[in-house]
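Worksheet: the structure to be examined is printed underneath.
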Amino acid sequence: MATLERAREAKAALRDELAGLDGVTGVGIARADASGAPVRGPRAQDVVDDWLLRVNVTSDDVDVPETVDGVEVEVRVVGDVTASRV
């Protein structure tokens, strides 16, 4: 289980580790549910004070650690990110 403060510190370390690595499109923090899985959608009854790191990548070939300083890392393959016109 990781507190928000611990996740923030781990995020900074992970961002430094992944800096300049091709295929990484974003690094963030997400709330985990009671089982440690990322929370998606409104399920407030299952939410505890547990946080994880979330990394968006363009393909599953990008090498991302499973944990950073004891904080779990969720990797999501989102493909290429491009700007769109409004």
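Heavy-atom basis, side chains included; hydrogens, waters and symmetry copies ignored. Residue indices begin at 1 and follow the sequence shown.
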>> Please give me the minimum heavy-atom distance between Leu53 and Ala7, naming the atom from each residue.
In response: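 In this case the closest contact between Leu53 and Ala7 is CD2-O, 3.5 Å.
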>> side-chain contact (heavy atoms from CB on, under 4.5 Å), that's the test. Do Val24 and Asn56 meet it? Break it down for me.
In response: CA-CA 6 Å; Val24 175; Asn56 293 339; over 6 Å; no
> Going through the checks in order, is the side-chain contact (heavy atoms from CB on, under 4.5 Å) test met by Arg76 and Glu74?
Replying inline: CA-CA 7 Å; Arg76 297 191 318 175; Glu74 176 199 26; 3.8 Å; yes
> Does the side-chain contact (heavy atoms from CB on, under 4.5 Å) test come out yes or no for Val77 and Thr58, once each step is laid out?
Replying inline: CA-CA 6 Å; Val77 178; Thr58 57; over 6 Å; no
Name each donor-acceptor pair under 3.5 Å that joins a side chain in residues 61-71 to protein atoms two or more places apart or in another chain, with its distance.
none

> Are Leu4 and Val55 joined in one hydrophobic group, where the rule is that I, L, V, M, F, W and Y side chains link up if heavy atoms are under 4.5 Å apart?
Replying inline: yes
>> Grouping I, L, V, M, F, W and Y whenever their side-chain heavy atoms are under 4.5 Å apart, do Val78 and Val27 come out in a common cluster?
In response: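 Not linked; separate clusters.
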>> Determine whether Asp50 and Leu52 satisfy the following criterion, side-chain contact (heavy atoms from CB on, under 4.5 Å), listing intermediate values before the conclusion.
In response: CA-CA 7 Å; Asp50 190 13; Leu52 55 83; over 6 Å; no
>> Does anything in residues 1-19 form a side chain to side chain donor-acceptor pair (under 3.5 Å)? List the pairs, not counting sequence neighbours.
In response: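 Checked against side chain to side chain donor-acceptor pair (under 3.5 Å) - neighbours excluded - no pair reaches residues 1-19.
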